Amino acid sequence: MTAQADKLKMAVFKFTSCSGCQTPFLNMETEILDLADHVDIACFAMASSATRPGPYDLTFVEGGISCEEDVRRINMVRQESKILVGIGNCAVYGGPQALRNFMSLEDLKRTVYPQPDLIHCFPTCKGIADYVPVDGFVNGCPVDQGHLQDYIVSVLLGKSPEVSSRSVCLECKMKENICLIVAEGVACMGVVTGAGCGALCPSFDRGCYGCFGPSADPNLNSFANLCRELGLTEDEINRKLRCIVNNAKAFREEVERHVPQPVKG
Amino acid sequence: MCPSQLKVDYLTRVEGEGGIELDLDEQRRLLDARVTIFEPPRFFEGIVRGRRCEEIADIIARICGLCPVTYQLGTLLAIEHILGVEVSRQIRLLRKVFILSQYLGSHGIHVFFLALPDYLGYDNIFEVAREHRDLVNRGLRLKKLGNDITSFLGAREVHPVTAVIGGFTKLPPRSMLDDLIIQLKARQEDAQAALEFVARLPRPAWVGGRVFGALSHPAEYGLDEGRWCTNDGLSLSAEEFTGYVEEYQVPHSNALRCRLKNGAHYMVGPLARVNLNFEQLSAEARYAAGRLNLCVPDYNPFNSIVARLLEIVHAIETSIKYLEEIEVRQESLSYDIRAGAAASLIEAPRGTLYHHFRIDDRGFVQEANIIAPTTQNLSRIEQDLKELVPQIASEQDGNIARACEVAVRNYDPCISCATHCIIKSETSGV
Amino acid sequence: MVKTDEEIEGAVNPTLNPFRLQPVEIVGLKQVTSDVKTYTLRLADGSHFRFLPGQFNMVSVIGIGEAAISMSSDPDELEAIERGTWQHTVRQVGNVTKALDRLQVGDRFFIRGPYGNGWPPGYPLQRVGASRDLAVIAGGVGLAPLRPVVCRRLARKTGRLEILYGARTPEDMLFRDEFRTWAQGGARLMLTADKIADGADWPYRVGLVTALLDEMEILPGQGHIFVCGPEVMMKSVVRELTERGWPPEEVFLSLERRMECGQKTCGRCQVDAVYVCQDGPVFSYAVVKELLGVDI
Amino acid sequence: MPRKVMQGLAGEDAVVERTVFNDIVTGLQERGYTVYGTVNEKGAGIFRPLGDAGEFSLRCTGGTMPPKDLWYPPFETLFTYDRQTGEFHTDIEETRHAVFGIRPCDVHALLALDEVFLGGEYQDPYYRARRVDLPLIVFNCVEAGDTCFCSSMGTGPGLDHDYDLLITDLGRSNGEGSERFLLEVGSSRGGELARGLRGEAAVDEDYQVKKRRLQETAAGERITLNTGDLPRLMHNGHDHPYWREVTDKCFGCANCTSVCPTCYCADIFDETDFSLRETRRKRRWSWCFLVEFGAVHGGNFREERIDRLRQFMQHKLNFSMGQYGFFHCVGCGRCIVWCPANIDIAQTGRVIRGDA
Ligand SMILES: Cc1cc2nc3c(=O)[nH]c(=O)nc-3n(C[C@H](O)[C@H](O)[C@H](O)COP(=O)(O)OP(=O)(O)OC[C@H]3O[C@@H](n4cnc5c(N)ncnc54)[C@H](O)[C@@H]3O)c2cc1C
Ligand code: SF4
Ligand code: SF4
Ligand code: SF4
């Protein structure tokens with residue numbers, strides 16, 4: 001695609017992740033052709049072979065940082081980007097693979113590989129903000145396509161994208177779902193999880209598992225107590241908070257309050 | 001050290017981060033061809049250890065954002081084998097529709113976004129859209145159909161949330177299945193037209209690998225049931241799979257690869273499935289194949305794009321058939337936890353996906369092993385490069401690189417899948 | 001409280017939608033400080049825009065949003081009335097205010113308003129305390145809504161006028177080029193900056209605005225005080241004024257709260273039982289000190 | 001006592017059987033209304049458009065969500081701006097909703113919102129368009145829900161104004177015979193609806209039964225709150241240590257305020273489509289529990305969760321009295337039912353005022 005001066009020069013980069021947060025760009029169906037009217041997709045390896053160098057006006061980054069090479073690339077991407085936005089659990093918190101942050105890397109290597117010594121990576125996978133300054137985030141595992149669109153529109157119009165502190169509960173209420181906690185005693189994480197998914201799980205009769213990360217001011221202590229009242233063991237509570245989004249500060253700290261921290265290198 | 005090296009630093013229009021390295025001597029003879037993978041490892045088999053068997057499908061789905069449905073279902077199938085859970089017929093059928101919806105979505109992306117630009121000489125779908133808006137719209141609609149069905153059954157397209165041990169958290173009302181049937185029927189024409197278009201595209205004549213593997217079932221196109229068969233005579237149950245297929249390491253790259261223990265590099269994926277299970281394709285798909293003079297077995301990997309479209313035609317027709325059969329009775333899911341180990345095989349869009357778990361008597365995972373389709377295809381891909389490059393060695397570097405990229409893309413490699421446990425390869429400095 | 005349908009119907013003039021926007025045109029632009037601009041505006045349809053000192057508009061840049069901005073010019077100035085113009089003085093802090101910053105003379109944006117009660121609440125300025133003395137105490141951009149009062153008082157020449165003004169640095173002071181005119185018109189101007197650059201020529205005070213209170217000549221019982229600025233600043237000002245014997249009824253504050261409608265329906269600006277948008281933004285300290293949720 | 005049995009009422013109070021519900025719903029539908037009523041879903045009542053009165057569930061009291069969205073929808077467009085032509089387009093549609101089975105507390109909540117949107121200096125034309133033609137078929141409550149405290153708040157269990165038709169379950173006479181309902185007509189529109197229904201003229205005794213049943217209901221409410229001098233006591237109790245105790249449990253999830261029939265707070269924001277052709281200025285529900293609710297540039301007037309929780313309860317039990325002259329808590333108990341942390345506004349009121 002050809003560059004145009006009045007278009008927003010956009011790039012999408014992938015780091016340690018599953019590609020599920022870039023896929024929404026491809027799922028924009030007909031909107032993606034609308035997008036091409038205002039946005040010049042200068043670099044998006046998954047969608048196009050034509051990649052042009054930066055600087056980029058708006059860069060979306062999927063994926064966490066888990067090795068030296070990631071660090072080198074994220075610094076490069078930061079330098080080339082006016083607005084750098086982390087998309088998805090991996091870029092924001094480190095993603096599901098950040099579960100290894102709470103385990104021993106050596107053990108993991110031995111578990112998975114016949115020749116563990118050949119593996120070179122960090123003992124942790126963390127969000128990109130741990131390495132470079134970031135201008136914004138879009139939450140979710142995966143992110144919601146509409147949120148990505150809103151972000152692009154906001155940047156095109158010259159305003160900062162909306163950040164809301166709504167909880168999943170509110171999305172449930174707007175859908176007139178019956179509350180799983182109150183009516184069925186399910187330890188649903190919606191009360192401490194940021195809105196954005198549209199209350200998917202509760203709408204399909206299962207408790208929220210927190211994939212949009214903690215809400216703006218989550219009361220995790222109260223959530224842990226709620227779980228206890230509903231009969232969950234400490235271990236079950238910890239595994240709830242240490243699942244898909246596990247490395248978010250609020251979830252991490254709550255778990256650390258419950259268990260003696262395993263010693264880690 | 002080799003005298004010259006030709007590199008594709010960053011493979012585009014594939015899922016994940018990988019590259020190609022070709023070593024050539026002074027006479028431009030190919031010494032070696034490697035697919036490099038610089039995605040760091042993600043240790044999924046390690047991080048699910050110690051977790052309850054009910055939780056892991058959601059985590060394992062995150063191995064891949066393009067085919068999470070097959071990862072989830074593959075995991076659930078293995079766990080169900082361990083627990084001895086028999087799922088009802090309606091659940092089996094809904095799951096097949098669920099898998100087929102992933103085919104529509106994933107193949108839709110691969111055919112239209114990733115592969116088609118190659119055959120038409122463009123860099124991306126936007127350029128294709130300028131010339132072939134109609135075709136692209138058909139493609140977008142087909143992909144959307146897949147996404148819609150995935151989110152209808154799973155609540156969202158990527159990392160759906162409803163699949164659990166024994167079935168789904170919530171079953172859709174019958175009336176909504178009828179709506180789906182209407183939507184599916186409305187897209188049949190798009191699928192046929194796209195198939196027709198692609199089948200008539202000029203494609204390089206080429207003979208690639210001759211060994212294929214896929215799940216096969218006498219009564220249906222292999223998806224999640226049957227035995228894993230190859231065209232050189234293997235017929236394996238899930239439990240037997242790793243007895244005949246080995247993961248190995250090669251000196252030039254640290255990435256894990258697979259081959260049959262007899263040494264053959266084999267191919268999995270749409271072309272393999274069509275070759276092995278042609279008779280089980282839907283009537284429409286077989287009829288179309290005949291009309292377009294497509295014959296099996298087909299050894300040309302460049303024809304994979306046609307195989308994908310045949311599967312799209314098949315997926316629509318078969319989904320309609322399955323959906324018509326389902327009655328929808330609400331059922332309660334209950335099972336007892338027991339210790340054990342079991343494997344499962346499922347056909348992901350990119351090929352056979354293997355899961356194996358061992359759990360203890362409280363349901364905690366003690367051991368996990370997952371073999372992704374891309375892991376299996378990798379050595380076959382390198383083999384293709386080794387056979388392809390000598391034929392085009394006289395071309396300019398850029399053309400060679402491009403041809404190699406297209407050859408890799410035929411397999412729709414999914415590097416995230418492969419790297420849930422793949423080791424970072426050492427890229428040799430030049 | 002109970003309304004019949006007829007009453008509801010009768011009470012509403014259906015042609016008047018309070019969310020309807022009026023286009024305005026920028027006829028003049030002036031950089032006041034590095035991040036503050038004064039916009040001279042005119043209604044695009046040429047009609048006259050009337051308001052009271054201390055009132056505000058909801059200013060819209062469509063696609064971006066709305067922000068509450070006070071009128072900063074004298075509503076009674078003849079020349080402005082003739083031309084149909086008025087002014088807003090805006091500090092760029094966020095979406096809307098930064099979008100305004102990108103506009104040029106001749107560009108248009110939208111307003112709805114005026115909203116709020118004005119200084120002091122409920123009365124046109126000329127009627128209250130016209131013959132009495134007035135002190136205005138402002139912090140930072142808080143001088144903007146007080147400028148109409150200053151201009152008005154100077155034009156009327158009734159009673160003493162003292163202006164106590166503090167800003168972070170001398171460069172952050174609004175309307176510096178008007179200070180001389182104000183002083184010549186009879187206002188006593190007392191200035192202070194929180195900090196000044198080393199070696200800067202600053203003949204005034206350094207420190208918080210409260211440091212100026214001792215210099216005030218107007219004494220309790222002689223007039224009113226109008227205060228506008230950040231809430232912490234207003235808090236320390238009223239505390240000291242109280243200590244000096246100022247009765248809470250004679251001190252008026254303009255409160256800042258988040259506003260989305262300006263019409264008492266969005267609920268954003270509620271504090272205790274008042275809505276800052278309509279019951280205020282100006283309140284006497286006697287009212288404010290009883291309000292739960294205002295730390296003044 | 002002799003009764004006049006009528007084939008078709010002329011629009012007066014009457015005693016009727018359940019079968020007339022269907023006639024009323026049909027009557028409304030024939031007049032072009034979409035009729036909403038509580039439908040039982042998983043044991044909780046939800047207001048849904050009714051096909052016929054058979055779907056309507058008498059047993060659920062107020063419903064999970066109040067029917068508030070019928071007159072104040074969670075999202076609405078105030079106007080559309082065409083970015084190419086610079087034209088505005090405002091579309092105020094007069095809806096024709098009718099509520100069948102709304103309860104007295106919710107009617108009081110509606111009247112509270114009337115005051116917010118139509119009672120002040122500015123009249124909200126969007127609200128008005130949904131409000132002008134809104135028939136209310138009210139059911140008096142003859143059974144208190146577990147968390148109802150309307151009689152404390154003076155909003156129930158019976159209603160004596162602002163209904164088109166008012167229905168009270170009189171039970172079965174002597175525990176036998178068919179169910180009987182007292183149908184009272186409160187407006188000419190209600191009279192129209194009642195005309196032609198099958199029923200018997202109401203007699204004194206029927207009103208006595210109604211009165212007794214309402215008294216029993218009020219007496220059966222397990223939650224009470226003494227509202228005497230409540231605003232002043234709440235004011236004085238703003239720093240009561242109990243607030244901290246409740247805050248420690250509170251998730252700040254805003255479930256309470258989102259189910260409250262009188263909460264009216266809103267965001268006004270601009271939404272532009274992906275092609276940048278149109279901007280819609282929208283209004284959507286917002287709640288004082290949201291962190292950004294009180295945030296301005298450079299600060300937040302309700303930084304802490306305790307401030308936000310207090311705003312909710314103080315607004316209902318104190319501030320609203322100063323704003324409008326009556327409490328914005330109508331005692332429907334929804335916030336108590338749906339609070340995942342079991343926080344109870346009435347309990348809080350009792351503690352703060354010193355009764356518990
Ligand atoms: C009665 C009143 C009069 C004002 N007069 C002036 C003035 O004359 N000059 C001036 O420069 N500023 C004035 N302000 C402050 C001005 O309203 C805010 O700085 C402005 O709203 C910020 O909007 P934004 O979109 O640029 O900022 P953002 O931070 O992007 O604002 C986002 C949202 O927050 C809200 N918001 C943020 N800060 C405030 C705030 N302080 N008050 C109300 N809402 C806020 C806005 O409604 C906006 O929708 C006044 C505020 C009030 C309440
Ligand atoms: S519902 Fe309960 S927990 Fe949630 S904000 Fe309201 S009081 Fe707090
Ligand atoms: S505050 Fe609670 S009890 Fe009171 S009206 Fe609102 S939801 Fe009902
Ligand atoms: S201030 Fe809070 S309690 Fe009051 S109406 Fe608004 S959201 Fe509801």
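Computation of the quantities below employed the complete heavy-atom set of this structure, encompassing side-chain atoms and omitting hydrogens, waters and symmetry-equivalent molecules. In this text the structure is predicted, and so the values were computed from the model without any measurement. Just so we're on the same page: letters track the sequence lines, and every chain starts at 1.
When A/Ser215, A/Ser164, A/Ala216 are compared by the number of non-hydrogen pairs under 4.5 Å with chain D, A/Ser164 comes out ahead. The candidate with the highest count of non-hydrogen atom pairs below 4.5 Å against chain D, out of A/Ser167, A/Cys172, A/Gly190, A/Ser165, is A/Ser165.
For D/Thr247, the part sitting under 4.5 Å from any heavy atom of chain A is the backbone (N, CA, C, O) and nothing else. For A/Leu220, no part sits under 4.5 Å from any heavy atom of chain D, backbone or side chain. Heavy atoms of A/Val191 lying under 4.5 Å from chain D belong to its backbone as well as its side chain. The part of D/Val259 that comes within reach of chain A is its side chain, from C-beta onward, which places non-hydrogen atoms under 4.5 angstrom from that chain. Contact annotation for A/Ser154: neither backbone nor side-chain heavy atoms come within less than 4.5 Å of a heavy atom of chain D.
Heavy atoms only, all atoms of each residue included: A/Val182 and D/Val337 are closest at CG1-O, 3.2 Å. A/Ser222 and D/Lys249 make their closest contact through OG-O, 2.5 Å (heavy atoms, listed as atom of the first residue, atom of the second, distance). Closest heavy-atom contact between A/Glu229 and D/Asn342: OE1-ND2, 4.4 Å. When all heavy atoms of D/Cys250 and A/Asn219 are compared, the closest pair comes out as O-ND2, 2.8 Å. Nearest heavy-atom pair, A/Leu170 versus D/Cys253, reported as atom, atom and distance to 0.1 Å: CG-O, 3.6 Å. Of all the heavy atoms in A/Phe223 and D/Phe251, the pair that sits closest is N-CE2, 3.3 Å.
For A/Arg239, the salt bridge (charged side-chain N to carboxylate O under 4.0 Å, His left out) partners at least two apart in sequence or on another chain are A/Asp235, B/Glu55.
The CG atom of D/Asp248 sits 7.5 Å away from the CG atom of A/Asn221 when rounded to the nearest 0.5 Å. Here D/Ile46 contributes atom CD1 and A/Ile178 contributes atom CD1; the two are 4.0 Å apart, rounded to the nearest 0.5 Å. Here CE of D/Met65 is found 4.0 Å from CE of A/Met174. Values are rounded to the nearest 0.5 Å. Atoms CH2 and NZ, on D/Trp287 and A/Lys173 in that order, are 10.5 Å from each other to the nearest 0.5 Å. One distance of note links CZ of A/Arg166 with CG of D/Asp267; it measures 5.5 Å at 0.5 Å rounding.
Of the charged side-chain nitrogens involved, at least one lies within less than 4.0 Å of a carboxylate oxygen, so that D/Arg308 and A/Asp217 count as a salt-bridged pair.
Sorted by first and then second residue, the pairs that involve residues 200-214 of chain A and meet side chain to side chain donor-acceptor pair (under 3.5 Å), not counting sequence neighbours, are A/Lys175-A/Ser203, A/Asn177-A/Ser203, A/Asp205-D/Lys42, A/Arg206-B/Asp58, A/Tyr209-B/Arg62.
Within a 6.0 Å radius of CD in D/Gln84, other residues, nucleotides and ligands contribute more than 12 heavy atoms.
Residues D/Trp338 and A/Ile181 form no side-chain contact, since every pair of their non-hydrogen atoms from C-beta on lies 4.5 Å or further apart.
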